[in-house]
Number of protein chains: 2
Amino acid sequence: MFAPIKKQKVAEQVAASLRGAILSGRLKPSDAVPSERVLAERFDVNRSSIREALLRLESWGLIEIRQGEATRVKNFLESGGLQLLPYLIAPDGELDLPLLADLLEIRVMLLGWTAEQAAQKCSPEDISGLMEIISRLEDPGASPETRQKLDYDFFERLVATTKNRVLIFLSNAIRDVYMQQRGLFMTFYQDDVFDPRYYRAVVEALAAGDPLGAGQAMRLQAAVFDAGWWSTSGAETT
Amino acid sequence: MFAPIKKQKVAEQVAASLRGAILSGRLKPSDAVPSERVLAERFDVNRSSIREALLRLESWGLIEIRQGEATRVKNFLESGGLQLLPYLIAPDGELDLPLLADLLEIRVMLLGWTAEQAAQKCSPEDISGLMEIISRLEDPGASPETRQKLDYDFFERLVATTKNRVLIFLSNAIRDVYMQQRGLFMTFYQDDVFDPRYYRAVVEALAAGDPLGAGQAMRLQAAVFDAGWWSTSGAETT
DNA sequence: GTCTTACAACTGGTCCGACCACCCGACAAC
DNA sequence: GTTGTCGGGTGGTCGGACCAGTTGTAAGAC
């Protein structure tokens, strides 16, 4: 109730509009974007704001800006990065289920590998940190929102124990997808997807220094999670 | 000889300067960046250019801009994405070997998994496409630059066969690291890191529809690649 | 005295209009 | 046909003004 009003900057609105046009395919690769002066007139905003918006699109790998030439749309499948996922996963409030399946698939793999690595490097502090998250997950009074947050905290903590900076950046990108679409995801969760027993099995394997066991336990948790998802959304994995 | 001169925009130079200050730690998380007006004076450029530079930093997850307040440095380990890797891997022309080790580690995992997935989904066209890349790799006249390119093409083709869009975005990010630091990487390659036999083993497993075999063959190729690397750079993996 | 209010002095966000740097295609000169 | 020039398009930079939030503080009310 009375959620904070999000005031969006002009440049952000323009950027969102153009982004939608590109991601939805209304603007196709190698198409020329109207010139900054024309866009300024169409949107009825200043050229500075248009420039700011175009700069955002460029940083997303959606367009190519070159002085003297027209700004052109790029093929985001070739040039885009994981930053695009939050916008692609639910373009118009509706989940893109095939893309979500791709994401969950990658997630299972990453989680499994992360657990394997963690089992080789984790310290007693890491173990106790993870156990603390689990104990909070076992609290029957925890809200679904809290559980979701704890699930992510667990993943993040696990990633941190691997000390692999590339993996950290990777998991940051995945976090951004979850966080930006948190409310939408929430509607699909089953009650039992965050069963503490699975997490506990992972940590026990970690404590025992058993990489393969940890990986398998982690993959099992992820599989349960995914299964709960698909049964709710009523869709089939391909 | 006579390589094209890269003319850098003012805003890009400013952005690079500030980026270096943050990535090197001279500007620490939660530090306030000088105001746009002050920066404009210090760099002796227009405020528009400063704004453009700051916008870039924001899109990299390096700073947080909020109207009315000072712009603050963020902890890029928490907020950064894979876009940062090209700048982190060789901050001042010198390779960050631990980070490179992290990257290669992730790369091995990704390649292996990708091959496993590809073995389940690849079409005859995919196979012949990969074979064609290998045949060009077998050309003894191919330059190291060409071989490097072909190696990447092989990876990219393999990723494409999985049809997993998230994996595609992921591999795009890794490609950007390689491409931006191509020259530097080139100096570390051994002659034999691109041995066609390993690639061929992968494709044979793919054609046989053998996921595990494909994954193992792919990991073997990646391992040989990495080994050649470390022996040249004279460093040890952790 | 303490609490409230209003203001002043920052910050970034938007606007305007001018000019510079670069690219390309039309067209004239050879 | 080839070469060179130039005009009109593009994005890039400039400066200066004003709008819009945030915050600390000093004047006022109790």
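Residue numbers start from 1 in every chain, and the chains themselves are labelled A, B, ... in the order their sequence lines are given, proteins ahead of strands.
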Taking only distance into account, with no hydrogens and no angle test, what donor-acceptor pairs under 3.5 Å do side-chain atoms of residues 81-92 of chain B form with protein atoms, sequence neighbours excluded?
from	atom 1	to	atom 2	distance (Å)
B/Gln83	OE1	B/Gly81	N	3.3
B/Gln83	NE2	B/Ser59	O	3.4

Near-strand residues of residues 49-59 of chain B, defined as heavy-atom separation under 4.0 angstrom from DNA chain C: B/Arg51
Contact list for DNA chain C against residues 13-22 of chain B - heavy-atom distance below 4.0 Å: none
Salt bridge A/Lys149-A/Asp153, side-chain N to carboxylate O under 4.0 Å: yes
Qualifying residues under side chain to side chain contact (heavy atoms under 4.5 Å, CB included), relative to A/Ser79, sequence neighbours excluded: A/Lys74
Atom pair distance, as rounded to whole Å: CD1 in B/Ile65 and P in C/dT14: 11 Å
Of all pairs that satisfy salt bridge (Lys or Arg N to Asp or Glu O under 4.0 Å), the ones with a partner from residues 32-43 of chain A, not counting sequence neighbours: A/Glu36-A/Arg47, A/Glu36-A/Arg51
Those residues of residues 36-47 of chain B lying under 4.0 Å from DNA chain C by at least one heavy atom: B/Glu36, B/Arg37, B/Arg47
Salt bridge (Lys or Arg N to Asp or Glu O under 4.0 Å) against B/Asp126, all qualifying residues, sequence neighbours excluded: B/Arg157
Nearest heavy-atom neighbours spanning B/Phe76 and A/Phe169: O-CE2, 3.4 Å
Contacts of type side chain to side chain contact (heavy atoms under 4.5 Å, CB included), residue A/Ser30, not counting sequence neighbours: none
Flag side-chain contact, heavy atom, 4.5 Å: A/Ile174 against A/Leu110: yes
With B/Gln13 via side chain to side chain contact (heavy atoms under 4.5 Å, CB included) - residues at least two apart: B/Gln8
Side chain to side chain donor-acceptor pair (under 3.5 Å) partners for B/Glu125, two or more places apart: B/Ser123
Listed nucleotide nearest any side-chain atom of A/Thr71, set C/dG13, D/dG11, D/dT13: D/dG11
Distance in angstrom units between B/Lys9 NZ and D/dC14 P, rounded: 12 Å
Side chain to side chain contact (heavy atoms under 4.5 Å, CB included) partners for B/Ala21, two or more places apart: B/Arg26, B/Leu27
Distances under 3.5 Å between nitrogen or oxygen atoms of protein and nucleotides 21-27 of chain C:
from	atom 1	to	atom 2	distance (Å)
C/dA21	N3	A/Gln67	NE2	2.7

Atom-to-atom span, CD of A/Glu12 to C1' of C/dG12 - whole angstrom: 13 Å
B/Arg107 side chain to B/Tyr178 side chain, donor-acceptor N/O pair below 3.5 angstrom: yes
Sugar-phosphate, base or nothing in reach of A/Ser48, heavy atoms under 4.0 Å: base
Residues A/Arg56, A/Glu12: salt bridge by 4.0 Å N-O rule: yes
